[in-house]
Engineer: 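Quick one: this structure, given as structure tokens, is what I'll be asking you about.
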Amino acid sequence: MKKLIVTSIALVYLLISGISQTSAGTARDYISIVGSSTVYPFATVVAENFGKKTRFKTPKIESTGSGGGHKLFGAGIGVEHPDITNSSARITKSQLEKDFRNGVKEVVEVKIGYDGIVVANSRQAMLFRLARKDLFLGLAKHVPVPGNKGALQPNPYKTWKQINPLLPDAKIEVFGPPPTSGTRDAFVELAMEGGANAFAWIAKLKKTDKKRYKVICHTLREDGAFIEAGENDNLIVDKLSKSPEALGIFGFSFLDQNTDKIQGSFIDGVQPTFEAISDGSYPVSRPLYFYIKKAHVNTIPGMREYLAEFTSEAAWGDEGYLTTKGLIPMPGEERQHYRNVVKELTPLTLEDLN
Amino acid sequence: MYNLKELNNAQGRVRTIDIVKKGLNRRYRKERRFRIFGCAAVIISLSFLSLLFISIISNGYTAFLQTMVRLDVFLDTRVIDKDNLADANYSKLIHEALLSVYPDVTKHNDRRKLYGLVSTSAAYRLRTFVAKNRHDIGTRIQIWVPADDDVDMLMKGYIDRDTPESQRRIDDRQLAWVDQLVRQGQIKKVFNMTFFTAGDSREPELAGICGALFGSFYTLIVTLVLSFPIGGAAAVYLEEFAPKNRWTDIIEVNINNLAAVPSIVFGLLGLAVFLNFFGLPRSVPLVGGLVLTLMTLPTIIIASRSALKAVPSSIREAGLGIGASKVQMVAHHVLPQALPGMLTGTIIGMSQALGETAPLLMIGMVAFIVDIPSGFTDPSTVLPVQIYLWADSPERAFLEKTSAAIMVLLVFLMVMNGVAIFLRKRFEKRH
Amino acid sequence: MNQEQTTGHLPRRPGRRPLVERTERETVGQTAVENPRMSCQNVGVFYDSKKAISNICLDIGRNEVIAMIGPSGCGKSTFLRCLNRMNDTIEGCLVTGQILMDGKNIYDSDVDVVPLRAQVGMVFQKPNPFPKSIYDNIAYGARIHGLVQNRDETDELVVGSLKRAGLWNEVKDRLEMPGTSLSGGQQQRLCIARAIAVNPEVILMDEPCSSLDPIATAIIEELIDELKQDYTIAIVTHSMQQASRISQRTAYFHQGDLIEIGPTDQIFLNPLHQLTEDYITGRFG
Ligand SMILES: Nc1ncnc2c1ncn2[C@@H]1O[C@H](COP(=O)(O)OP(=O)(O)O)[C@@H](O)[C@H]1O
Ligand SMILES: [Mg+2]
């Protein structure tokens with residue numbers, strides 16, 4: 001009996017490792033890309049065009065989230081590890097250090113453009129003119145007590161008008177992404193932190209008590225005013241057209257595709273448009289990146305050509321096809337800079353991240 | 001409660017039939033009530049089901065049509081080099097063809113809008129056409145190319161012309177252009193073959209289900225080939241051969257527990273074992289099949305065991321009594337009897353496997369993959385993943401594709417169940 | 001259970017010697033025969049340490065029909081199933097003692113049950129044909145034991161066995177029908193035909209007629225009578241008439257003990273043990 005168990009386990013082991021030997025023996029002939037779900041819609045279009053234009057296979061792109069993508073990317077060198085990771089946030093020092101420890105010594109950073117996060121509502125309702133402070137007061141779980149510096153209270157506001165007399169007398173009801181989403185991260189960092197900084201004592205906390213600062217800014221209401229609507233931004237758009245009272249938080253590309261149903265609220269006096277996000281005047285926007293494993297560039301077929309496609313004007317230029325997918329292009333000089341980075345494959349150093 | 005004796009004494013002879021008749025109405029009422037409840041339950045579930053079908057079909061049937069635009073393209077020899085067909089600028093030819101229809105469009109921005117009426121794939125179509133019809137180079141040809149997804153949505157009636165221009169994805173100029181094309185008979189809707197022959201794409205008009213279909217097919221083949229024999233053998237061993245003791249009890253409890261484990265756990269297991277330990281490639285049907293095998297095994301084992309249990313023991317005794325060895329008894333008499341039940345269990349397991357995305361997420365099968373997989377080690381996705389990815393796409397035209405993909409999934413499921421029922425019927429007939 | 005009853009008390013023939021006391025559980029009568037086919041010595045059976053039968057000593061002669069009778073639950077089936085080791089299939093069943101066949105104890109560890117069961121066939125209480133065609137039902141045993149080499153031999157065997165079981169005329173033009181489509185009596189004869197198709201030396205029958213009507217019963221009894229020319233038959237029956245009609249010797253079991261064994265005539269006309277007499281006269285039951 002024992003013998004049987006041992007032999008059958010050994011058999012299974014040999015079988016699977018046999019399969020993996022034969023499949024690993026044949027080197028990967030397609031590019032493997034992982035990472036941010038925000039960059040995913042752009043990277044996939046580039047990949048598709050690259051696949052159509054060239055004789056190479058179309059790259060495989062997984063939407064794993066920025067963090068998950070980087071973990072896979074930085075696990076090591078070799079065909080079983082991805083070649084490129086997309087990211088909706090810049091790589092951190094500790095991530096890069098970890099890459100180095102795992103033998104991924106040369107990582108090339110490419111910025112591809114910007115993404116805006118919009119707060120939108122149904123076209124049937126009034127257009128909102130919000131300040132980031134209004135967003136913070138409307139959505140944070142705990143808000144400062146007016147006239148009492150340093151004190152917090154559970155969020156008492158029921159309508160927008162209570163926060164700011166200029167806002168409509170509408171119930172606070174906001175659909176947004178869950179904490180696992182990159183859009184949510186960006187929203188709390190850009191909009192909520194920005195709004196909280198309007199209170200000087202909270203802004204000061206950022207230096208003195210970073211933990212408390214984060215708790216104040218990043219904790220959203222749980223009393224029903226903020227509603228987690230799932231990762232799927234389409235669902236939020238759908239919900240908005242059904243409940244005109246409500247606001248929704250999602251990526252700019254979804255606004256761009258659904259302008260007949262929804263409108264983007266002004267934030268700090270700026271409406272989310274291509275131009276406003278591109279020139280940096282719209283406050284809730286973030287740069288998007290991808291990272292290349294230099295060691296793979298010469299082993300995986302098509303790497304250079306893919307990078308050339310991504311950094312071509314036809315793709316990420318002012319009128320490139322990525323703009324039709326909602327990517328907000330970088331200024332011309334910045335594009336030229338990153339095109340050179342890709343050509344030279346200049347690796348990132350720890351100093352670059354200071 | 002009637003006391004028969006008392007009744008007899010009081011009223012002379014009371015016949016049982018009278019008592020029965022008295023209660024009869026109540027009994028029938030009860031029965032009727034039960035039947036009504038049953039009917040209502042069936043009707044409610046059927047109406048939910050039909051609601052689902054109706055909403056999916058009404059959302060999705062338009063995806064089976066594709067708007068095409070006819071262009072008169074001049075295959076200019078200055079643009080196409082006969083010796084290097086691949087590198088010619090076909091987009092330019094398409095653009096020229098569009099401009100020849102609307103010669104008054106001159107401003108750069110307007111031209112861009114004009115070019116946007118047809119799909120970006122128009123140039124690739126033209127390339128394929130030219131490669132096939134070399135002798136047409138230098139002449140003027142007519143070619144039907146897919147319209148852009150926004151035009152497609154307009155033609156299918158998803159864009160309301162009455163909304164203000166700024167809120168439409170198609171502005172008034174473009175509307176006028178499209179209307180002109182319609183008047184000139186240069187627009188038609190055709191059956192969307194691309195949907196069934198292409199892999200994924202970020203352009204809705206180019207996206208197809210074929211890649212995911214093949215991915216599901218390969219993945220399920222691996223699952224079936226592994227889980228049916230392994231699950232069946234495990235069930236037969238546990239039910240017919242294993243001694244009944246503490247160990248087999250523990251195994252039984254564990255198998256039952258495994259059947260209730262959330263499927264993502266199997267994905268994590270697959271990631272740890274197949275990818276990290278054995279180094280199998282990511283995103284391939286082989287690994288997907290292995291993971292889904294782990295997931296479906298408990299279901300198949302449990303169903304197979306109850307199928308085996310249902311075989312009357314008199315058959316086993318008959319076999320043994322005539323001098324069959326235990327293996328012969330099981331193989332010749334018990335298994336054929338249990339096989340229909342085991343098949344049912346397998347098909348339930350396979351149907352579950354067909355609908356899974358969570359465990360596949362961990363092993364990289366939730367991915368954008370354009371090329372149609374041609375084997376067990378080509379990167380691929382599966383049908384539910386494709387549905388999930390399309391449902392998550394911003395372009396409006398993917399909405400109908402999502403519903404259409406759900407229809408394809410349901411048809412796949414029906415075909416699979418049909419085959420299983422056919423096999424089961426054949427087995428039942430044979431015995 | 002053992003109490004006197006006044007009904008069904010036949011008048012005792014005069015001049016008989018006194019009967020063995022009810023409390024006495026030693027087997028009375030002639031247990032041994034000359035040149036036995038099978039010989040049981042001190043056979044006991046435990047189901048999960050609960051004793052079902054114990055201390056059974058009994059010879060089964062060649063070409064005889066031996067009947068086993070007794071109240072239900074007394075261990076007849078249990079004993080019968082010892083004879084071809086069918087008890088092995090029951091979880092937690094322990095058999096003690098010896099059963100010799102051709103001088104070899106069939107419970108020795110080196111004995112293979114497969115050939116044993118080919119040698120000692122069994123017909124069960126409830127007809128249990130395989131859910132296969134009539135033809136395959138008969139041919140199955142011969143096929144697995146390699147008794148037939150080709151289709152012709154198989155055909156011959158199937159026809160022969162069905163004829164001997166008296167079923168041929170009823171099924172000859174529907175051999176491809178499933179065995180389960182026959183009537184109860186026909187099914188039981190099919191099972192007998194299946195058993196004799198492998199040409200065993202001993203056939204064990206456990207109440208083969210209990211679910212059959214009188215006509216089907218008569219046919220099977222006739223069949224048993226014929227079969228005894230070639231086979232040794234051990235049959236359990238709850239019908240004393242049947243036992244007296246078909247058997248040469250009869251064994252009476254009571255609460256797990258073999259109470260009395262002897263020629264059938266003697267058991268029914270002149271039992272030696274009080275319990276036997278109680279049973280056959282219907283005073284116990
Ligand atoms: N499989 C079994 N497990 C446990 N006890 C059993 C089993 N089969 C029979 N017995 C017990 O053994 C005794 C004898 O049973 P059995 O031989 O079937 O009696 P009979 O055939 O004479 O009616 C009964 O008390 C019965 O409860
Ligand atoms: Mg019995």
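Chain identifiers are assigned alphabetically (A, B, ...) following the order of the sequence lines, protein sequences preceding nucleic acid strands; residue numbering begins at 1 within each chain.
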Engineer: Output the residues of residues 93-102 of chain C for which the shortest heavy-atom distance to chain B is under 4.5 Å, in residue-number order; output 'none' if no such residue exists.
Structural biologist: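 Within residues 93-102 of chain C, no residue comes under 4.5 Å of chain B, counting heavy atoms only.
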
Engineer: Determine the option with the most heavy-atom pairs under 4.5 angstrom with chain B, choosing from C:Q119, C:K126, C:H145.
Structural biologist: C:H145

Engineer: Does this structure show an ion pair linking C:D206 with C:R81, if we count only N-O contacts that are shorter than 4.0 Å?
Structural biologist: no

Engineer: Indicate whether any N or O donor in one side chain lies under 3.5 Å from an N or O acceptor in the other, for C:R194 and C:N128.
Structural biologist: yes

Engineer: Report the distance from atom CD1 of C:I106 to atom NZ of C:K104, rounding to the nearest 0.5 Å.
Structural biologist: 11.5 Å

Engineer: Between B:S325, B:A324, B:S314, B:A318, which residue shows the highest count of heavy-atom pairs closer than 4.5 Å to chain C?
Structural biologist: B:A318

Engineer: Any ion pair linking B:D18 and B:K22 (charged N to carboxylate O, less than 4.0 Å)?
Structural biologist: no

Engineer: Specify which of B:Q328, B:K326, B:H333, B:R316 makes the most heavy-atom pairs with chain C at under 4.5 Å.
Structural biologist: B:H333

Engineer: Between B:E252 and B:R305, does at least one N-O distance fall below 4.0 Å, as a salt bridge requires?
Structural biologist: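 A salt bridge is present here (some side-chain N lies under 4.0 Å from a carboxylate O).
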
Engineer: Is it true that B:K244 and B:E239 make a salt bridge, defined as a side-chain N closer than 4.0 Å to a carboxylate O?
Structural biologist: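 No, this pair does not count.
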
Engineer: May I ask you to say whether C:D230 pairs ionically with C:R164, meaning some side-chain N is under 4.0 Å from a carboxylate O?
Structural biologist: yes

Engineer: Using heavy-atom distances under 4.5 Å, tell me whether C:V198 contacts chain B through its side chain, its backbone, both, or neither.
Structural biologist: side chain

Engineer: Given a strict heavy-atom distance threshold of 4.5 Å, which part of C:R85 is in contact with chain B: side chain, backbone, both, or neither?
Structural biologist: neither

Engineer: Report yes or no: do C:T237 and C:E207 form a side-chain donor-acceptor pair below 3.5 Å?
Structural biologist: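 There is no such pair (donor and acceptor under 3.5 Å, judged by atom type) between the side chains of C:T237 and C:E207.
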
